[in-house]
Protein chains: 2
Amino acid sequence: MKMSAGVEWAVHCCVVLSQADGPVPTARLAELHGVSRTYLAKHLQQLSRAGLVRSTEGRDGGYLLTKDAAEVSLLEVVQAVEGPEPAFRCTEIRQNGPLAARPAACRSACGVARAMAAAEHAWRSSLAGVSVADLAAGVVEDNGRQAFVGLRDWLARGRG
Amino acid sequence: MKMSAGVEWAVHCCVVLSQADGPVPTARLAELHGVSRTYLAKHLQQLSRAGLVRSTEGRDGGYLLTKDAAEVSLLEVVQAVEGPEPAFRCTEIRQNGPLAARPAACRSACGVARAMAAAEHAWRSSLAGVSVADLAAGVVEDNGRQAFVGLRDWLARGRG
DNA sequence: CGAACGCGGATAGTTGTCATCCGCGTAGGA
DNA sequence: TCCTACGCGGATGACAACTATCCGCGTTCG
């Protein structure tokens, strides 16, 4: 059970976008994080389709957060990249074999699926409780207040 | 982010084993659940290596739970099949690029990794709170008390 | 001894992730 | 008007993981 590495990239990009003054192009985000430009573009497109991010086309274009960073939860970012499907998929094996449960008893999900769903709900709730703004605050806590000052300078240099 | 289908098989097998009077061979478990015998064998070997299940070799051999069903958590079964690695793997991209965080600031995990780890901890806690005995009780609740009577009969017919 | 069983390795088919490239449309500046 | 920088979507391919099967080996019991 592994999460795509694109999730990590997407989250960090959202944190950076929360500090940007204008649109940030893919190439800048890729250079900043030291990752593949073309592949990062794919994940940014996913964020765009999910509505978390807005793209400005044409020259001087780039990406912007669509909402305030405090309104964007980590869960939204993860699901934009990973998709909404739960990790556990019940195949209803209780309906297989010689002792198959009667369909009448299968109107509700089986106990195994219920327990798995509850665990994933706990996971999603935890992610939903963290916003991009919280993550940005964590960076300041770890790296000092001037951490984002350097970032804004570097982004502005790109716009020359 | 998908979980292996083998997890579902393994969990259902544990519930069945909790109701068995003696060793149950792989072929019987596979027939009962309508799944591939050879592939299920792989997952049962994983449970065996994890110590959740004990194998009796030779003729009339098969699998037994090593502990009381109330002592076996769903988390143990999931991790026996899926492995212990977390779904999110931090690649420390904060140390990449022109504005890399100083190594000194990276002694602790980055905020993103911390949030992800907290969510996975919530997931594991939820799974740890459910035992195989709880799942068996759920089957009785859904299918009536005689659900496992038929199962025990069917398993005994195999030993006939 | 023979039959039934678990164990481990070898082997593929299929799917999903990771990554790259190209052509297209769009917007701003010279 | 043209050029350039940019996002978008499709096509493509390398690689790993999951899914599935088979075989030979050792063990146990009648």
Q | Atom-pair distance (OH on B:Y63; P on C:dC7), nearest Å | A | 3 Å

Q | Position toward the 5' end of DNA chain D (nearest nucleotide), A:K2 or A:A41 | A | A:A41

**Q.** Nearest-0.5 Å distance, CE of residue B:M116 to CG of residue A:L74
**A.** 4.5 Å

Q: In whole angstrom, give the distance that lies between atom CZ of A:R89 and atom P of C:dG16.
A: 9 Å

**Q.** Spacing between A:Q45 atom CD and D:dC6 atom P, to the nearest angstrom
**A.** 15 Å

Q) Between B:T66 (side chain) and B:G51 (backbone), is there a donor-acceptor pair under 3.5 Å? A) yes

Q. Going 5' to 3' along nucleotides 20-30 of chain C, which nucleotides have protein heavy atoms under 4.0 Å from the base (write B), which only from the sugar-phosphate (write S), and which from neither (write -)?
A. B-----BB-S-

Q. To the nearest 0.5 Å, how far apart are CD in A:Q46 and NZ in A:K42?
A. 9.5 Å

Q | Nearest-angstrom distance from the residue atom CD of B:Q46 to P of C:dG8 | A | 11 Å

(Q) Looking at A:S4, I'd like to know whether one of its side-chain N or O atoms comes within less than 4.0 Å of OP1 or OP2 on C:dG16. (A) no

(Q) Check this one for me: any side-chain N or O of A:S55 less than 4.0 Å away from OP1 or OP2 of D:dC6? (A) no

Q) Separation of B:H43 atom NE2 from C:dG8 atom P, in whole Å? A) 15 Å

Q: Could you check whether A:R49 gets within reach of a base, just the sugar-phosphate, or nothing at all, counting any heavy atom under 4.0 Å?
A: sugar-phosphate

Q) Whole Å only: how far is the CZ atom of B:R54 from the P atom of D:dT27? A) 17 Å

Q. For B:E31 and B:W154, what are the C-alpha separation, side-chain angles and deciding distance, and is it a side chain to side chain contact (heavy atoms under 4.5 Å, CB included)?
A. CA-CA 11 Å; B:E31 186 189 356; B:W154 186 82; 3.7 Å; yes

Q) Just how far, in rounded Å, is P of D:dC6 from CG of A:L155? A) 13 Å

(Q) Within this structure, what is the SG-CG distance for the pair A:C13 and A:L40, rounded to the nearest 0.5 Å? (A) 4.5 Å

Q: Any chance you could measure A:D68, atom CG, to A:S131, atom OG, to the nearest 0.5 Å?
A: 8.5 Å

(Q) Without decimals, in angstroms, what is the distance between A:M1 CE and D:dC18 P? (A) 11 Å

**Q.** Sugar-phosphate, base or nothing in reach of A:A5, heavy atoms under 4.0 Å
**A.** sugar-phosphate

Q | Sole candidate of A:V11, A:L135, A:L75, A:V77 that passes side-chain contact (heavy atoms from CB on, under 4.5 Å) when paired with A:V130 | A | A:L135

